[in-house]
Amino acid sequence: MHLSDVLGSSLVHVPFDGTGYGSWRRTILVALSVRNKLDFINGSSVKPPDSSPLARQWQRCNDLVVSWLTNSLSKDIARSVEYSELAKDIWSELEERYGQVDVARVFELKKELAHISQGSLDIASYFNKIKQLWDEIDALSISRVRSCSNCGFKFDYQKDDDVQKVYQFLMGLNDTYVQTRSNIFMIKPFPYVNVVYSILLSGENQRQVSTYPQFLPTSASFNVGVSKQGFPSKVNFDAQKSPVCKYCKKPGHIIDKCYKLHGYPPNFKFYKGSGSRKTATHVEVNSPSC
């Protein structure tokens, strides 16, 4: 017994109600395999004699599997098997009742599979869509091994089925993969469907990388944007300073307006006194008396 072996728990999230037996069956088998309890439904584990010290322990494990199975069924289906004492009896009855291949459903799935195509999907989405159909068909077709009716020799059709899946997968591809498809047909030995998927996915990724647009680096884009702006290349800071006369060496005016060189205006007061005489270099002006 394990800590996860709890009485009354269910092995699935959604109880089986009569539809989707293939997926429900697979979930049950995986859950029982993890708990090491598959032998109680396939008949490998036989009940020991009542005198055996293991008889009680075996009965507890069997009852635990019976509880898991009934709790994983809808109420109506659970009532039809609740009086079965052995887990293998419950499993056998469910297999006989719901385990037969649903011919109508398989027909619909194969019809959809025959018309499936990539279209606007990428390789990954297209593969997931077609694989979902394959898995459901496999779940409905429980037996994967067939036997010859004459000699009883068993044939494993797993390899043949995988080859058919490769054909179906390649037939639905877009025309852009014609050359890739031809190259796959030349591979010896013929690859499995997972190998074909990897080849196509790698080719799609390389094609996407080769079609990416080439952008300028950030620095180059920045330089181009700056060069279009009308900024001056050189700023004349000397123009902002006060001019200096080259003749008298005093600031505030230039030589063309120097009073000492060209003479003072009539109303210019050179002295603070009331003198009426105005002078300039090489020039003497006498104002008339009042």
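Since the model is a prediction, treat every value here as computed from it, not as a measurement.
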Below 4.5 Å, heavy atoms only, C-beta onward: do Leu69 and Val66 meet side chain to side chain?
no
Mind checking whether Leu201 and Ile130 sit in one hydrophobic cluster, side chains of I, L, V, M, F, W, Y counted as touching below 4.5 Å?
yes
Tell me if a side-chain donor or acceptor on Gln118 pairs with a main-chain N or O of Tyr126 at a distance below 3.5 Å.
no
Distance col, row Gln206:CD vs Gln208:CD, nearest 0.5 angstrom, shows 11.0 Å
Taking C-beta and beyond as the side chain, do Leu64 and Arg60 meet within less than 4.5 Å on heavy atoms?
no
Any link between Ile41 and Val34 through a network of hydrophobic side chains (Ile, Leu, Val, Met, Phe, Trp, Tyr) touching at under 4.5 Å?
no
Nearest heavy-atom pair of Leu11 and Ser72: which atoms, and what distance?
N-OG, 3.0 Å
Go through Tyr197 and Tyr192 one step at a time and tell me if the ring-ring contact (aromatic ring centres under 6.0 Å, His included) criterion holds.
CA-CA 9 Å; Tyr197 168 70; Tyr192 288 93; over 10 Å; no
Non-hydrogen atoms of Asp138 and Lys165 that approach each other most closely
OD2-NZ, 3.1 Å
Using a 4.5 Å cut-off on heavy atoms from C-beta on, say whether the side chain of Val244 contacts that of Lys250.
no
Interatomic distance, Asn62 atom CG to Ser45 atom OG [nearest 0.5 angstrom]
8.0 Å
Is Arg26 atom CZ crowded by more than 12 heavy atoms from other residues, nucleotides or ligands, each under 6.0 Å away?
no
Glu82 atom CD, neighbour heavy-atom count above 12 within 6.0 Å
yes
Can you confirm whether Leu94 sits close enough to Leu73 that some side-chain heavy atom of one is under 4.5 Å from a side-chain heavy atom of the other?
yes
d(Asp39 CG, Lys88 NZ) to nearest 0.5 Å is 13.0 Å
Quick one, Ser44 with Asn42, criterion side-chain hydrogen bond (donor to acceptor under 3.5 Å, both in side chains). Give me CA distance, side-chain angles, the key distance, then yes/no.
CA-CA 6 Å; Ser44 299; Asn42 59 23; 2.9 Å; yes
Between Ser23 and Gly20, is there a donor-acceptor pair closer than 3.5 Å when you use the side chain of the first and the backbone of the second?
yes
Using only atom types and a distance under 3.5 Å, with no angle test, would you say the side chain of Arg35 pairs donor to acceptor with the backbone of Ala31?
yes
Quick one: CG on Leu29 to NZ on Lys37, what's the gap to the nearest 0.5 Å?
15.0 Å
Are there over 12 heavy-atom neighbours, none belonging to Asn128, within less than 6.0 Å of that residue's CG?
yes
Could I get the full list of ring-ring contact (aromatic ring centres under 6.0 Å, His included) partners for Phe185, not counting sequence neighbours?
none
Could you go through the side-chain contact (heavy atoms from CB on, under 4.5 Å) check for Ile199 and Ile187 one step at a time?
CA-CA 12 Å; Ile199 295 174; Ile187 298 177; 3.9 Å; yes
Between Leu170 and Tyr177, is any pair of side-chain heavy atoms under 4.5 Å apart?
no
Identify the two heavy atoms, one from Ser80 and one from Glu93, that lie closest to each other, and give their separation to 0.1 Å.
O-OE2, 4.0 Å
Between Asn36 (side chain) and Leu32 (backbone), is there a donor-acceptor pair under 3.5 Å?
no
Rounded distance [0.5 Å steps], NZ in Lys188 versus CE in Met186:
9.0 Å
Do Ser74 side-chain atoms and Phe16 backbone N/O form a donor-acceptor pair below 3.5 Å?
yes
What's the shortest heavy-atom distance between Leu113 and Ile137, and which atoms?
CD2-CD1, 4.3 Å
Side-chain heavy atoms under 4.5 angstrom apart, residues restricted to Ile, Leu, Val, Met, Phe, Trp, Tyr: same cluster for Met171 and Phe190?
no
Group every Ile, Leu, Val, Met, Phe, Trp and Tyr by side-chain heavy-atom contacts under 4.5 Å, then state whether Val14 and Val30 land in the same group.
no
Step by step, would you call Asp135 with Lys131 a salt bridge (charged side-chain N to carboxylate O under 4.0 Å, His left out)?
CA-CA 6 Å; Asp135 292 344; Lys131 188 176 184 302; 2.9 Å; yes
Any heavy-atom pair between the side chains of Tyr98 and Trp24 that's under 4.5 Å?
no
Considering non-hydrogen atoms only, spot the tightest contact between Ile77 and Gly18 and give its length.
CD1-N, 3.6 Å
Any side-chain heavy atom of Ile123 within less than 4.5 Å of one from Asn205?
no
So Ile184 and Leu200, side-chain contact (heavy atoms from CB on, under 4.5 Å) or not? Walk me through it.
CA-CA 10 Å; Ile184 292 174; Leu200 292 170; 4.3 Å; yes
Picking from Trp91, Trp68, Trp58, what satisfies ring pair (Phe, Tyr, Trp, His ring centres under 6.0 Å) with Phe40?
Trp58
Checking side-chain hydrogen bond (donor to acceptor under 3.5 Å, both in side chains) for the pair Asp17/Thr19: CA distance, chi angles, key distance, verdict?
CA-CA 6 Å; Asp17 59 356; Thr19 58; 3.0 Å; yes
Show your reasoning for whether side-chain contact (heavy atoms from CB on, under 4.5 Å) applies to Val81 and Arg97.
CA-CA 12 Å; Val81 296; Arg97 193 188 310 177; 4.0 Å; yes
CD (Glu85) with more than 12 external heavy atoms under 6.0 Å:
no
Would you mind reporting whether Leu173 and Thr180 have side-chain heavy atoms less than 4.5 Å apart?
no
Nearest 0.5 angstrom please: Trp134 CH2 to Gln164 CD, how far?
11.0 Å
Which atom names give the shortest non-hydrogen contact between Pro243 and Ile254, and what distance separates them?
CB-CG2, 3.8 Å
Is there a path of hydrophobic side-chain contacts, each under 4.5 Å between heavy atoms, that joins Tyr167 and Ile116?
yes
Does Ser67 reach the main-chain N or O of Asp63 with its side chain, forming a donor-acceptor pair under 3.5 Å?
no
Return yes if some donor-acceptor pair links the side-chain N/O of Ser52 with the main-chain N/O of Leu54 below 3.5 Å, else return no.
yes
